[in-house]
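Just follow the structure's listing: the first ligand is 1, and inside any ligand the first atom is 1. Given the structure is predicted, the values throughout are model-derived calculations rather than measurements.
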Amino acid sequence: MSHTLAIIKPDAVGSGKAGKILAHVETAGFAIRALRLTRLDTAQAQAFYAVHEGRPFYDELVEFMTSGPVIPMVLEAENAVSRLRETIGATDPAEAAPGTVRKLYAESKGRNAIHASDSDTNAETEIAFFFSTHERLGL
Ligand code: CMP
């Protein structure tokens with residue numbers, strides 16, 4: 001079993017879609033191993049998305065991710081990183097496959113409902129960003 005980090009983003013939490021998205025990922029075969037509701041401040045969002053610093057959408061991304069509560073979670077499955085990315089679909093909901101989380105629940109490329117780690121290395125870093133050693137015991 002491996003792990004990945006997902007974040008239900010402010011658009012989806014604010015519009016009451018968190019429960020449906022949690023049900024979707026559980027039905028897709030993921031076990032929720034850690035979860036909380038929190039709100040990022042600007043410094044935290046900038047740090048989390050540091051890899052995108054300098055891109056034209058960076059400031060908009062940080063502003064959006066700090067605009068309301070988010071729900072980060074650790075999901076467990078075989079090949080969790082690649083399977084979750086398949087489950088959520090393409091970044092832009094217009095390009096996401098039918099039945100994916102973003103096709104069903106995202107509003108736009110920026111307000112796209114959910115984040116998922118893009119590699120095992122980044123999953124480890126992103127899980128450590130949100131969850132303490134204590135919360136990760138047993139993972
Ligand atoms: P995520 O997978 O969370 O990681 C980076 C995010 O940047 C991505 O989801 C999108 O929400 C956002 N993003 C990528 N490209 C654009 C874009 N062209 N305009 C706005 N946001 C973008």
For this session: Identify, with sequence neighbours excluded, every residue that meets side-chain contact (heavy atoms from CB on, under 4.5 Å) alongside Asp118.
Result: Arg85, Asn122
Exercise. Are there more than 12 heavy atoms of other residues, nucleotides or ligands under 6.0 Å from atom CD of Glu124?
Worked result: no
Problem set entry | Those residues that, when tested against Glu107, pass side chain to side chain donor-acceptor pair (under 3.5 Å) (two or more places apart) | Arg111
Problem set entry | Within one Ile-Leu-Val-Met-Phe-Trp-Tyr cluster: Leu61 and Ile88, side-chain cutoff 4.5 Å | no
Exercise. Which pairs, with at least one residue in residues 2-36 and sequence neighbours excluded, count as a ring-ring contact (aromatic ring centres under 6.0 Å, His included)?
Worked result: none
Seminar exercise, completed: Those residues with a heavy-atom separation under 4.0 Å from ligand 1 are Lys9, Tyr49, His52, Phe57, Glu60, Leu61, Thr91, Arg102, Lys109, Gly110, Asn112, His115
Exercise. Can you find a pair of side-chain heavy atoms, one from Tyr49 and one from Leu40, that are under 4.5 Å apart?
Worked result: no
